Amino acid sequence: MTITYLKRGKSENERDQDDSRTRATVEAALRDIEKRGDAAVRAFSISFDDYSPDSFRLTQDQIDALIAQLTDRELDDIRFAQAQVRRFAEAQRASMQDIEVETLPGVILGHRNIPVQSVGCYVPGGKFPMVASAHMSVLTAAVAGVPRIVACTPPFQGQPNPGVVAAMHMAGAHEIYILGGIQAVGAMALGTETIKPVHMLVGPGNAFVAEAKRQLFGKVGIDLFAGPTETMVIADDTVDAELCATDLLGQAEHGYNSPAVLVTTSRALAEATLAEIDRLLTILPTAATASVSWRDFGEVILCDTHDEMLEVANEIASEHVQVMTDRDDWYLANMTSYGALFLGPRTNVANGDKVIGTNHTLPTRKAGRYTGGLWVGKFLKTHSYQRITSDTAAAHIGAYCSRLSMLEGFVGHAEQGNIRVRRYGRMNVPYGGAAE
Ligand SMILES: NC(=O)c1ccc[n+]([C@@H]2O[C@H](COP(=O)([O-])OP(=O)(O)OC[C@H]3O[C@@H](n4cnc5c(N)ncnc54)[C@H](O)[C@@H]3O)[C@@H](O)[C@H]2O)c1
Ligand SMILES: [Zn+2]
């Protein structure tokens with residue numbers, strides 16, 4: 001395998017050091033929120049966001065006043081995006097069926113999909129007010145039928161952001177709080193004097209938010225590890241450097257720590273893309289963040305073959321993977337680890353982020369090896385049940401249950417089977433069932 005790095009990002013070691021600093025900050029803050037509740041939440045909101053309103057929860061009047069600040073065009077655009085997200089989420093919901101089957105005569109097994117009863121949706125807003133994140137979490141929870149949806153977003157430039165609040169409200173949030181970072185997810189998960197705790201936290205965020213969710217997992221459920229955005233472009237010589245550079249910087253602008261990786265079989269494209277990125281960074285208004293991400297985390301990887309590109313891509317397991325090659329469907333069939341795929345030059349990651357209807361809350365830091373992104377199914381818990389409808393089945397399964405329990409030394413378990421055999425079994429009546 002001949003893989004050449006034309007540019008490399010920070011080493012795993014350096015990334016681990018960043019992680020351990022974040023971990024310590026989050027641990028201390030969560031402990032304080034657990035101990036001091038609202039007082040700690042307010043203190044963190046002041047120190048991290050310089051924000052201390054009378055109440056962090058917005059009233060209906062405040063929500064209405066914020067929505068009134070938006071133009072009709074802006075409201076229509078939000079409605080359009082939400083219609084696309086809803087359409088896809090409803091189709092996905094329909095793919096999940098409750099089932100009930102008779103696995104042996106008289107043995108009925110089933111499962112029911114039950115919505116999580118309360119969720120806390122984090123909508124990021126430190127650097128950019130992420131209107132779209134409200135559709136992704138709040139609206140998807142609503143499609144799943146979650147009866148209590150709490151939404152938090154930080155103040156943006158010292159104020160609640162009208163676009164984010166409108167999107168939360170239109171998506172169906174029942175409670176909206178202007179709180180950011182650790183204090184938001186901590187308050188929602190742990191509860192305070194004024195905020196009733198939720199059962200599950202969802203939504204993306206910066207490294208502090210993602211780490212806080214990770215630490216709170218267990219106390220509450222979480223959707224997935226969805227930290228700072230990552231993007232990868234897989235390209236051969238069917239595309240040009242302008243498209244590749246635009247797609248790499250389009251996601252590097254998220255923050256100072258967003259990896260953007262080009263994997264290509266074309267040295268000419270790789271070199272042209274490096275030059276094009278340098279040129280775009282002189283004119284992109286968000287170059288201040290994008291250039292730091294590119295400097296510290298940008299990578300350009302040159303491979304000999306598509307098989308090599310596939311192996312590299314599955315290993316990196318990037319959150320977003322934009323594929324622009326002469327065989328995009330081959331990647332769709334063979335990629336196994338990623339957040340979401342964007343196939344062909346006509347679409348792009350920003351479509352997925354903002355409007356097309358797939359969910360943009362996606363796994364980062366290789367979490368794509370064990371989970372896909374947020375979707376309606378993450379808000380549904382699949383619970384099994386069983387029922388035995390005949391005496392014969394009760395005695396037949398009971399006898400197996402008894403012997404298998406004794407194999408493990410569980411006498412009390414065996415007795416649960418034995419009592420059914422004694423009560424429902426009839427001697428010498430052969431079990432009339434099909435093959436076990
Ligand atoms: N994985 C995904 O699906 C996905 C999707 C969208 C966005 N994102 C990511 O979400 C992130 C949004 O980040 P953001 O910062 O703009 O907004 P954010 O809302 O996630 O975080 C802002 C909050 O961080 C807290 N904070 C800032 N500095 C801190 C510090 N030093 N210590 C403790 N807390 C601190 C503040 O309380 C602030 O309110 C980006 O990294 C973006 O890439 C990920
Ligand atoms: Zn993005």
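For ligands, and for the atoms within them, numbers begin at 1 and follow the listed sequence. Just so it is clear, the values below take in all heavy atoms, side chains as well, and ignore hydrogens, waters and symmetry mates. Throughout, numbering of the chain's residues begins at 1 and tracks the sequence. Please read all numbers here as calculations on a predicted model, not as lab measurements.
In this structure a side-chain-to-backbone donor-acceptor pair under 3.5 Å is missing from Gln69 to Asn161. Remark: side-chain polar atoms of Asp49 are not paired, donor with acceptor, to backbone N or O of Tyr51 under 3.5 angstrom. Judged by distance alone, with hydrogens and angles left aside, the side-chain atoms of Glu319 form no donor-acceptor pair with the main-chain N or O of Tyr338 at under 3.5 Å. For Glu276 (side chain) and Ala245 (main-chain N/O), no donor-acceptor pair under 3.5 Å exists by modelled atom type. In this structure, the side chain of Gln322 engages the main chain of Gly344 through a donor-acceptor pair within 3.5 Å. A donor-acceptor contact shorter than 3.5 Å is absent between the side chain of Glu211 and the backbone of Thr22. Checking side-chain atoms of Glu14 against main-chain N and O of Ser11 turns up a donor-acceptor pair under 3.5 Å. Looking only at distances, no side-chain donor or acceptor of Thr286 sits under 3.5 Å from a matching main-chain atom of Glu253. Formation of a donor-acceptor pair under 3.5 Å by the His360 side chain with backbone atoms of Asp353 is found in this model.
Annotation for ligand 1: atoms under 4.0 Å from non-hydrogen atoms of His254 are 42 (C), 43 (O). Per-residue contacts place His360 under 4.0 angstrom from the following atoms of ligand 1 (heavy atoms of the residue considered): 2 (C), 3 (O), 5 (C). Against a heavy-atom cut-off of under 4.0 Å, Lys127 is close to the following atoms of ligand 1: 14 (P), 15 (O), 16 (O). Within the listing of ligand 1, atoms 20 (O) sit less than 4.0 angstrom from a heavy atom of Val209. Here is the list of ligand 1 atoms found below 4.0 Å of a heavy atom in Gly180: 37 (O), 39 (O). Atom numbering of ligand 1 starts at 1 in the shown order; those under 4.0 Å from a heavy atom of Thr364 are 1 (N). Residue contact check: Leu362 has heavy atoms under 4.0 Å from atoms 1 (N), 2 (C), 3 (O) of ligand 1.
The closest heavy-atom contact to atom 9 (C) of ligand 1, among the options Gly181, Gly205, Pro124, comes from Gly205. Selection from Pro228, Ser47, Pro155, Ala29 by nearest heavy atom to atom 41 (O) of ligand 1 gives Pro228. Closest heavy-atom approach to atom 14 (P) of ligand 1 within the set Ala252, Ala340, Gly126: this belongs to Gly126. The residue from Phe208, Tyr51, Tyr122 that puts a heavy atom closest to atom 18 (P) of ligand 1 is Tyr122. With Met130, Glu319, Arg21 as candidates, the residue nearest to atom 7 (C) of ligand 1 on a non-hydrogen basis is Met130. Taking all heavy atoms of Pro204, Pro129, Pro154 into account, the minimum distance to atom 4 (C) of ligand 1 is reached by Pro204.
Between Asp77 and Arg73, at least one side-chain N (NZ, or NE/NH1/NH2) sits under 4.0 Å from a carboxylate O, which counts as a salt bridge. Taking 4.0 Å as the cut-off between side-chain N and carboxylate O, Arg23 and Glu27 do not count as a salt-bridged pair.
Nearest protein heavy-atom neighbour of atom 21 (O) of ligand 1: Asn206 ND2, 2.8 Å.
Under the 4.5 Å side-chain criterion, counting only non-hydrogen atoms from C-beta, Ile3 is not in contact with Leu302. Side-chain contact between Leu75 and Thr71 is absent, with no heavy atoms from C-beta onward closer than 4.5 Å.
Inclusion of Gln183 in the set of residues having an N or O under 3.5 Å from an N or O of ligand 1 is warranted. The shortest N or O to N or O distance between Thr229 and ligand 1 is under 3.5 Å. Between Gly125 and ligand 1, an N or O atom pair is found at a separation short of 3.5 Å.
Annotation: side chain to side chain contact (heavy atoms under 4.5 Å, CB included) contacts of Phe410 (sequence neighbours excluded): Ser405, Glu408, His413.
Heavy-atom distances between Gly227 and ligand 1 reach below 4.0 Å in at least one pair. Residue contact check for ligand 1: Phe44 places no non-hydrogen atom closer than 4.0 Å to it. Contact annotation: Met136 has no heavy atom less than 4.0 Å from any atom of ligand 1.
Residue contacts with ligand 1 for Ala226 involve both N, CA, C or O and side-chain atoms from C-beta outward (heavy atoms, distance under 4.0 Å). Contacts between Asp49 and ligand 1 below 4.0 angstrom, taking non-hydrogen atoms only, involve the side chain exclusively.
Less than 6.0 angstrom separates the ring centroid of Tyr331 from the ring centroid of His306.
Atoms of the protein (N, O or S only) found under 2.8 Å from the Zn ion (ligand 2) are Gln251 OE1, His254 NE2, Asp353 OD2.
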Which atom pairs, one a donor and one an acceptor, fall under 3.5 Å between side chains of residues 293-301 and the rest of the protein, sequence neighbours left out?
unit_1 : atom_1 : unit_2 : atom_2 : d
Ser293 : OG     : Ala252 : O      : 3.4
Ser293 : OG     : Gly255 : O      : 2.6
Ser293 : OG     : Asn257 : N      : 3.2
Ser293 : OG     : Ser258 : N      : 2.8
Glu299 : OE2    : Gly9   : N      : 2.9

Quick one: side chains of residues 148-156, donor-acceptor pairs under 3.5 Å with protein atoms, not counting sequence neighbours, listed by atom name and distance.
unit_1 : atom_1 : unit_2 : atom_2 : d
Arg148 : NE     : Glu175 : OE2    : 2.7
Arg148 : NH1    : Lys196 : O      : 3.3
Arg148 : NH1    : Pro197 : O      : 3.4
Arg148 : NH2    : Glu175 : OE1    : 3.2
Arg148 : NH2    : Glu175 : OE2    : 3.3
Arg148 : NH2    : Lys196 : O      : 2.9
Thr153 : OG1    : Val123 : O      : 2.7

